[in-house]
Amino acid sequence: MRHSGGVRARIEGQGSGGSETTVNAAAAISARGISKSFGDVRALRGVDLDVRQGTVLGLLGPNGAGKTTLVRILATLLAPDAGSASVAGLDVVADQNRLRERIGLAGQYAAVDENLTGLENLTMVGRLYGFRRAVAKRRGRELLEQFDLVEAASRPVKTYSGGMRRRLDLAAALVAKPPVLFLDEPTTGLDPRSRLDLWDVIEKLVSQGTTVLLTTQYLDEADRLADRIAVIDHGSVIAEGTPDELKDRVGGERLEVHLEDASQATAAAQALATMSDEQPLLSEALIRIGVKGRSGAIIEAVRRLDGAGVGVDDIALRRPTLDDVFLALTGHAAEDGDQA
Ligand SMILES: Nc1ncnc2c1ncn2[C@@H]1O[C@H](COP(=O)(O)OP(=O)(O)O)[C@@H](O)[C@H]1O
Ligand SMILES: [Mg+2]
């Protein structure tokens with residue numbers, strides 16, 4: 001699969017010790033040919049990435065795709081085997097100490113201290129950045145306000161809900177007002193309400209100029225938050241573009257038909273085949289097929305199925321999901337991804 005659009009220099013022949021092409025200095029985050037293996041596992045295979053300042057890049061991929069590995073490299077927590085990257089104008093390897101003050105990292109597993117209160121946690125982080133106690137506390141209060149945690153400020157974190165912990169973790173990442181923020185699956189495991197709240201917070205940060213690299217397994221999250229999306233699978237970026245561009249590649253709306261009788265699946269697939277350029281996807285009594293135009297698709301499908309004598313339980317159109325993106329781009333469903 002080709003990369004789509006953009007000013008991306010493809011780096012060929014990344015060897016160990018080979019000279020690397022310079023990163024894009026105008027971007028807030030720029031990576032070229034980043035590779036990383038853990039023993040036999042090639043977690044990243046030459047990743048190129050650019051994130052313009054003040055924008056959100058959604059790094060979309062299934063479990064094991066390499067998202068966290070890439071984030072850890074860009075956040076200076078892990079050294080790449082090959083390739084180079086700069087964040088906020090600093091090299092992730094050569095300038096790692098200076099860079100740490102300019103980035104924030106928040107993730108799936110909140111890294112706050114359970115036994116401290118919200119305010120104590122944030123004050124402690126401020127102290128770690130070298131703020132005087134009063135300054136650290138003031139910044140902590142400011143963030144608690146911003147993240148709607150004022151009422152919980154003096155309660156131990158172990159009494160917080162999952163959503164509150166995640167907000168506090170994000171607040172902790174923002175203590176030093178970093179211009180670049182890494183969010184590694186920030187909403188995985190959250191209930192829908194907390195998810196929406198966190199999305200609002202992230203949008204606000206971006207509107208204030210923060211550059212965000214956000215990893216996610218959810219297309220809807222990337223869709224809502226990301227200016228551009230990079231799809232990563234098996235350690236390689238396999239597609240990159242705006243949400244609209246990616247959706248176009250997936251093929252627009254999906255028609256889902258639940259049959260009364262799974263034994264009629266083949267007959268149903270045949271009846272629907274010419275409605276799409278793609279092969280229908282069969283899964284017992286469920287048929288999924290990409291359709292081009294939304295209008296009239298359901299009526300057309302019902303007419304065809306009726307003509308073929310196929311009984312239908314339910315029929316609906318829905319937008320592409322992550323699975324559809326993966327199926328279209330890789331030929332396998334996201335949850336099939338083996339870890340190699
Ligand atoms: N410290 C590690 N040791 C060994 N294998 C690892 C380590 N970290 C990640 N991996 C492997 O690298 C691959 C990519 O993992 P990861 O970056 O965590 O993916 P993601 O965040 O997209 O789920 C997986 O196959 C994972 O098992
Ligand atoms: Mg991960």
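Whatever order the structure lists ligands and atoms in, that order sets their numbers, starting from 1. On a predicted model such as this, the values are computed, not experimentally measured, just so you know.
Each of the following atoms of ligand 1 lies closer than 4.0 Å to a heavy atom of A65: 19 (O), 20 (P), 22 (O). Within ligand 1, the atoms closer than 4.0 Å to a non-hydrogen atom of P62 are 22 (O), numbered from 1 in the order shown. Near N63, with a cut-off below 4.0 Å to any heavy atom, the atoms of ligand 1 are 23 (O). Distances below 4.0 Å separate heavy atoms of T68 from the following atoms of ligand 1: 17 (O), 18 (O), 20 (P), 21 (O). Annotation for ligand 1: atoms under 4.0 Å from non-hydrogen atoms of V41 are 11 (C), 12 (O), 25 (O).
Salt-bridge check for R195 with D220: passed, with a basic side-chain N closer than 4.0 Å to an acidic carboxylate O. Ion pair D197/R193 flagged as a salt bridge, since at least one NZ, NE, NH1 or NH2 atom sits closer than 4.0 Å to an Asp/Glu carboxylate oxygen. A salt bridge does not link D233 to R45: none of the charged nitrogens lies less than 4.0 Å from a carboxylate oxygen. Ion pairing between R304 and E300 holds under the 4.0 Å rule for side-chain N and carboxylate O.
Among the backbone and side-chain atoms of T215, none of the N, O or S atoms lies under 2.8 Å from the Mg ion (ligand 2).
Both tests do not hold together for R139 against Y129: distance to the six-membered ring centre under 6.0 Å, angle to the ring axis within 45°.
Of the N or O atoms in G64, one or more lie within a sub-3.5 Å distance of an N or O in ligand 1. Not one N or O of F38 is nearer than 3.5 Å to an N or O of ligand 1, by distance alone. Looking at ligand 1, you won't find any N or O of E185 less than 3.5 Å from one of its N or O atoms.
Contacts between T69 and ligand 1, counted as non-hydrogen atom pairs separated by less than 4.0 Å, involve both the backbone and the side chain.
In this structure, G61 does not count as a contact residue of ligand 1, since none of its heavy atoms falls inside 4.0 Å of the ligand.
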Salt bridge (Lys or Arg N to Asp or Glu O under 4.0 Å) evaluation trace for D200 with R224: CA-CA 10 Å; D200 283 343; R224 160 88 181 255; 3.0 Å; yes

I'd like to know whether L225 forms a side chain to side chain contact (heavy atoms under 4.5 Å, CB included) with T216, so could you lay out the CA-CA distance, the side-chain angles of the two residues, the decisive distance to 0.1 Å, and finally the verdict. CA-CA 11 Å; L225 296 174; T216 184; over 6 Å; no

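Taking the side chain as every heavy atom from C-beta outward, L49 and L57 approach each other to under 4.5 Å.
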